[in-house]
Amino acid sequence: VWSLPDRAKLRTLGGAGPAFHLRFSPDGRWLGTAFGALNPGGPGAPSEVTVWRTSSWERTVLRGHAAAPRVIAFDAQGERVATGAEDSTV
């Protein structure tokens, strides 16, 4: 995560596998990340959705997809998040 005005690196974040999608909530309080395996569906393929509180970078990991998550979206108030995975589930 970078600060654009001073071009400074603020934080490096990580999860299970590569990050495929990132999205800030409309109010900027949250950053949602969809991490998944390069070999989706493979045995033990890691996948998770992580929501980061941008004021402290505290993370909450959301698990529930059987396949790797690929997209994440927040509602207009930043109170709900929806995720989509390669197995066509939301």
Side-chain angles (χ1 to χ4, degrees):
V1 180
W2 296 83
S3 168
L4 292 178
D6 56 6
R7 298 181 181 141
K9 185 177 184 180
L10 300 176
R11 179 75 63 173
T12 299
L13 307 172
F20 282 97
H21 195 85
L22 310 167
R23 170 102 12 131
F24 280 98
S25 63
D27 59 11
R29 292 184 308 143
W30 307 99
L31 172 63
T33 56
F35 291 100
L38 288 174
N39 60 338
S47 64
E48 68 185 30
V49 171
T50 305
V51 179
W52 307 84
R53 182 183 304 268
T54 58
S55 62
S56 63
W57 298 108
E58 174 187 353
R59 72 186 254 171
T60 300
V61 176
L62 308 173
R63 292 187 177 93
H65 286 294
R70 292 293 189 245
V71 296
I72 187 166
F74 287 90
D75 72 343
Q77 291 74 38
E79 296 176 1
R80 290 179 284 182
V81 64
T83 60
E86 287 199 343
D87 61 358
S88 301
T89 61
V90 175

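The residues of the chain are indexed from 1 along the displayed sequence. Side-chain atoms are counted along with the backbone in the values below, which use heavy atoms only and exclude waters and symmetry mates.
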Atom pairs and distances, donor-acceptor, side-chain atoms in residues 78-85, under 3.5 Å, two or more places apart:
from: Arg80; atom 1: NE; to: Asp75; atom 2: OD2; distance (Å): 3.4
from: Thr83; atom 1: OG1; to: His65; atom 2: NE2; distance (Å): 2.6

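- Taking the side chain as every heavy atom from C-beta outward, Val1 and Trp52 never approach each other to under 4.5 Å.
- Here the CG atom belonging to Leu13 is positioned 6.5 Å from the CG atom belonging to Leu31, to the nearest 0.5 angstrom.
- Residues that satisfy the salt bridge (charged side-chain N to carboxylate O under 4.0 Å, His left out) test with Arg23, not counting sequence neighbours, are absent from this structure.
- For Ser88, the side-chain hydrogen bond (donor to acceptor under 3.5 Å, both in side chains) test picks out no residue, with sequence neighbours left out.
- Here Ser56 pairs with nothing under the side-chain hydrogen bond (donor to acceptor under 3.5 Å, both in side chains) rule; sequence neighbours left out.
- For Arg11, there are no salt bridge (charged side-chain N to carboxylate O under 4.0 Å, His left out) partners two or more places apart in sequence or in a different chain.
- Residues satisfying the side-chain hydrogen bond (donor to acceptor under 3.5 Å, both in side chains) test with Arg53, not counting sequence neighbours, are none.
- With sequence neighbours excluded, the residues satisfying side-chain contact (heavy atoms from CB on, under 4.5 Å) with Ser3 are Pro5, Asp6, Leu10.
- Other residues sharing a hydrophobic cluster with Val90 under the 4.5 Å side-chain heavy-atom criterion for ILVMFWY residues do not exist; the residue is a singleton.
- Follow the hydrophobic side-chain contacts under 4.5 Å out from Phe74 and you reach Val49 in the same cluster.
- The side-chain hydrogen bond (donor to acceptor under 3.5 Å, both in side chains) check on Trp30 picks up nothing, with sequence neighbours excluded.
- Judged as a salt bridge (charged side-chain N to carboxylate O under 4.0 Å, His left out), and not counting sequence neighbours, the contacts of Arg63 are Glu48.
- Looking at every heavy atom in both residues, Leu22 comes nearest to Ile72 through C-CG2, 4.5 Å.
- Although no hydrogens or angles enter the test, the distance criterion places a donor-acceptor pair under 3.5 Å between the side chain of Thr54 and the main chain of Arg29.
- Here the closest non-hydrogen pair linking Ala34 and Pro69 is CB-O, 3.9 Å.
- Taking the salt bridge (charged side-chain N to carboxylate O under 4.0 Å, His left out) definition, one finds that Asp87 meets it with nothing, sequence neighbours left out.
- Val71 and Leu62 are assigned to two separate hydrophobic clusters, defined by single-linkage of ILVMFWY side chains at heavy-atom distances under 4.5 Å.
- The hydrophobic cluster around Trp2 extends to none of the other residues, as no ILVMFWY side-chain heavy atom falls under 4.5 Å of it.
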